[in-house]
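All values derive from a computational prediction rather than experimental measurement. Letters A, B, ... are given to chains in the order of the sequence lines, protein chains preceding strands, and every chain is numbered from 1.
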Amino acid sequence: MSAPNAHPDANTPADAARPRNFIEQLIDADAASGRWGVWPKSEGPDRAGKPRVHTRFPPEPNGYLHVGHAKSICLNFGLARANAGKFNLRFDDTNPAKEEREYVESIKRDVAWLASAFNAGSFDSGPHAGGLFFASDYFDKMYDHAVDLVNKGKAYVCQLTADEVSARRGKPGVPATSPHRDRPPSESLKLLDEMRRGLHPDGSMTLRARIDLASNNFNLRDPVMYRILHQHHHNTADKWCIYPMYDWAHGIEDSLEGITHSICTLEFEDHRPLYDWFIKSINEGRSPPVWHSQQIEFAKLAPSYTILSKRNLLRLVQEKFVTGWDDPRMPTIAGMRRRGYTAESIRNFCDDIGVTKTDSLIDIGRLEASLREHLNRVTPRAMAVLDPIKVVVENWPEGKTDQLDFVINPEDPAAGTRKVPFTRELWIERDDFMEVPPKKFFRLFPGGEVRLRWAYFLKCERVVKDADGNITELRCTIDPDTRGGDAPPGPDGKPSRKVKGTIHWVSAAHAMPAEVRLFDRLFSAEEPGKRTGNFIDDLNHDSKRTVRAFVEPWLANAAATRGGALVSGTGPDGAPPTGGGFQFERLGYFCTDPDSAPDPRRLVFNRTVTLKDTWAREAAKA
RNA sequence: AGGGGUAUGGUGUAACGGUAGCACGACUGACUCUGACUCAGUUAGUCUAGGUUCGAAUCCUAGUACCCCUACCA
């Protein structure tokens, strides 16, 4: 009964049947035509003989990964997994001026964490591990190929400055010019060697490909292959003072790794002729030829109310609009993880929005919907009161404690139950009481009755106020016949009476104080910066609110275990918890923040996302 | 201006000359010890104008709108 479009190795919810996107269709076609050949026997029984599919994720280590990269990682890793292929993580570290070791480490952590959602290992372990690579490891080979191109008359050293090149760039219909284009190979070779040996200052000359100065595709107007950069490199140290440009380097990197489908974003579409030109030129007169991957472009993710450009994210960090790359409001993988996102929810989201070449603005609500869907399935429930008001149960003896059964996760019976203490004085949510209730308000009001979750029916007898008229406490009574939360059964076997509303509560004597950080979206505009040209103008100034809350004692250990109650486990290398944590009933999903400390005990929770709140919508209507 | 792309309900995404489907949202209702979840239903779409065809989202022609390209960034 399996659907025709199901993933071949379906074993997670995201693997359910869905239409094949254009890249998957292309891979199917390649497999049918035998375009890339098959994996050799040495690859083992699970892969040998199957059509080759080898993908990669090639980040530049100049910032933290964000949810847009997550789409690419899920796409590439997912393709490798679905086709019994391989996936490489490769750092495209060709520009030491902007790249740092710190970013390499964070990226490795984030990719591994996301890959964990596939239950199939990662880039360095498991059945689809292609390996970890650095473009900088290929610098020698790239240089050799460059010399080859010079010898073939396909590249030359140009002594124009950047400004001069720009001035001579030409226009559509007006060709560019370079006075050095017809320099004999021998001369270029000599200069290239001098460049490499550090005999010339930054910016004094470049190696350029000799393609077509008149092309309407400006990428083909003799693009720069190497520039001089006297910069220390995080990987090659001071071995090089010339560094390859993206277009020259990237195809060679893919070639060396035997990548079949080199997937990138749309803006590289008109670089593809260049990508192909370089490999073809290397292969001219060469036998056997080097591997020639296929570049495929897709539309990158653009979520509403979010910015994703690394330059702008860096600005948020540097100018302290957020606390760091991992601020829970950031769209970075690290920030989302700290916020409480699970890798699985991000994967499901990426799967959900599809892969196309159409530019589109994705409703950020889609991401939140994926998150809620997953968290609802896996998080243990707990009770916390964010804005407390005291309830005194007048007919409950002082000093008496009842231990009631609390269902840990109604969506997962296997999670079982635990005990919660009930006493005479309780905290309830201020929002759950109104002196003059509007229509359809079925929470607590004077003379009204609600159910305390898993405890007793509670009736409000009287409101106590201070001199200024502020409510200080509610005097209430419980119905002792409703222990556990239900009235005793009537003749028909059903509860003899019911209440409409159920509210959450915490025993005041047992309550633990906690700091709870309530996050909202970082920007108040759907497309930040669109209005004024400066995204800073659209910052939501109420994106973080901190409250002092009371939580039930069961949550106290959360600080020590850092959300260890969550099923998903933790990331590699001491990564923060995989997010998630708890559902605070009727409020939302929360997770412990790393700022928490077991000793002295300090509880800090982040609100990951609220529950859907149809009452808020109803109340707003009135 | 020249080159490269893309147009399907509010938002995403299917269809590959043959019944415009799915998801999210919104709205109704049911259920409910979370105003959550779940379930049922409703809403709403092929950029425009011509043409080919028995039949067009799909093919042709001409437009329109939006995105990308003139770094020694990736």
> What nucleic acid atoms does Asp486(A) come within less than 4.0 Å of, heavy atoms only: base, sugar-phosphate, or nothing?
Replying inline: base
Atom pairs, N/O to N/O, protein against nucleotides 24-30 of chain B, distance under 3.5 Å?
unit_1: rA26(B); atom_1: OP1; unit_2: Arg617(A); atom_2: NH2; d: 3.4
unit_1: rC27(B); atom_1: OP2; unit_2: Arg617(A); atom_2: NH1; d: 2.3

> Do the numbers put Arg272(A) on top of the ring of Tyr275(A), so that NZ or CZ is under 6.0 Å from the six-membered ring centre and no more than 45° off the axis?
Replying inline: no
> To the side chain of Glu267(A), which of rC68(B), rG35(B), rC69(B) is closest?
Replying inline: rC68(B)
> For Met225(A) and rA74(B), what is the distance between atoms CE and P respectively, to the nearest whole Å?
Replying inline: 14 Å
>> Stacking between Trp615(A) and rG35(B), defined as ring centres under 5.5 angstrom apart with planes under 30°, is that present or not?
In response: yes
> How would you list, by chain and number, every residue that makes a salt bridge (Lys or Arg N to Asp or Glu O under 4.0 Å) with Asp486(A), sequence neighbours excluded?
Replying inline: Arg451(A)
> rG5(B) and rC59(B): how far apart are their P atoms, nearest whole angstrom?
Replying inline: 15 Å
> For RNA chain B, what dot-bracket results from Watson-Crick or G-U pairs at under 3.5 Å, with [ ] for crossers and | for inter-strand partners?
Replying inline: .((((((..((((....[..)))).(((((.......)))))....(((((..]....))))))))))).....
> Is Leu587(A) touching bases, backbone alone, or none of the nucleic acid, heavy atoms closer than 4.0 Å?
Replying inline: nothing
> Between Arg381(A) and rU34(B), does any side-chain N or O lie under 4.0 Å from OP1 or OP2?
Replying inline: no
>> Please classify the nucleic acid contact of Tyr243(A) as base, sugar-phosphate, or nothing, using heavy-atom distances under 4.0 Å.
In response: nothing
>> Do Arg196(A) and Tyr143(A) form a cation-pi contact, if we require the NZ or CZ to be under 6.0 Å from the six-membered ring centre and within 45 degrees of the ring's axis?
In response: yes
>> What's Glu60(A) touching, base or sugar-phosphate or nothing? Going by heavy atoms closer than 4.0 Å.
In response: sugar-phosphate
>> Any base atoms under 4.0 Å from Glu297(A), or only sugar-phosphate, or nothing? Heavy atoms, all strands.
In response: nothing
>> Using a 6.0 Å distance limit plus a 45 degree cone around the ring axis, check whether Arg418(A) lies over the aromatic ring of Trp554(A).
In response: yes
> Under 4.0 angstrom, heavy atoms only, what part of the nucleic acid is Leu160(A) near: base, sugar-phosphate, or nothing?
Replying inline: base
>> Check Lys300(A) with Glu267(A), please: is the shortest side-chain N to carboxylate O separation under 4.0 Å?
In response: yes
> What does Pro410(A) touch in the nucleic acid at a heavy-atom separation under 4.0 angstrom: a base, only the sugar-phosphate, or nothing?
Replying inline: base
>> Categorize Thr161(A) for me: base, sugar-phosphate, or nothing, with a 4.0 angstrom heavy-atom threshold over every strand shown.
In response: base
> The side chain of Met245(A) lies closest to which of these nucleotides: rA74(B), rC16(B), rG35(B)?
Replying inline: rA74(B)
> Which one, rU13(B), rU34(B), rC72(B), comes nearest to the side chain of Thr356(A)?
Replying inline: rU13(B)
> The side chain of Gln25(A) lies closest to which of these nucleotides: rG12(B), rG3(B), rC16(B)?
Replying inline: rC16(B)
> Gly170(A) near the nucleic acid: base, sugar-phosphate alone, or nothing, with a heavy-atom cut-off under 4.0 Å?
Replying inline: base
> Base, sugar-phosphate, or nothing for Arg221(A), non-hydrogen atoms under 4.0 angstrom?
Replying inline: nothing
> Just checking His250(A): base, sugar-phosphate only, or nothing, at a heavy-atom cut-off of under 4.0 Å?
Replying inline: nothing
> Taking the side chain of Arg169(A) as its heavy atoms from C-beta onward, which of rC72(B), rG35(B), rC68(B) lies nearest to it?
Replying inline: rC72(B)
> If you check the Lys98(A) side chain, which of rC73(B), rU6(B), rC69(B) turns out closest?
Replying inline: rC73(B)
> Taking the side chain of Leu266(A) as its heavy atoms from C-beta onward, which of rG12(B), rG5(B), rG2(B) lies nearest to it?
Replying inline: rG5(B)
> With a 4.0 Å cut-off on heavy atoms, is Lys500(A) in touch with a base, just the backbone sugar-phosphate, or nothing at all?
Replying inline: base
>> Quick check on contacts: within residues 195-204 of chain A, what sits under 4.0 Å from RNA chain B by heavy-atom distance?
In response: Gly203(A)
> Contact class for Phe268(A) (heavy atom, under 4.0 Å): base, sugar-phosphate, or nothing?
Replying inline: base
> Can you name the salt bridge (Lys or Arg N to Asp or Glu O under 4.0 Å) partners of Lys530(A), sequence neighbours left out?
Replying inline: Glu527(A)
>> Quick check for you: among rA14(B), rC72(B), rU6(B), whose closest atom lies nearest to any side-chain atom of Thr358(A)?
In response: rU6(B)
>> Would you say Thr94(A) places a side-chain N or O within less than 4.0 Å of OP1 or OP2 belonging to rA74(B)?
In response: yes
> Taking the chi torsion of rA40(B), is it syn (within 90° of 0) or anti (everything else)?
Replying inline: anti
> What residues form a side chain to side chain contact (heavy atoms under 4.5 Å, CB included) with Ser496(A), not counting sequence neighbours?
Replying inline: Ala487(A), Pro488(A)
> Across the strands shown, which category fits Phe349(A) at heavy-atom distances under 4.0 angstrom: base, sugar-phosphate, nothing?
Replying inline: nothing
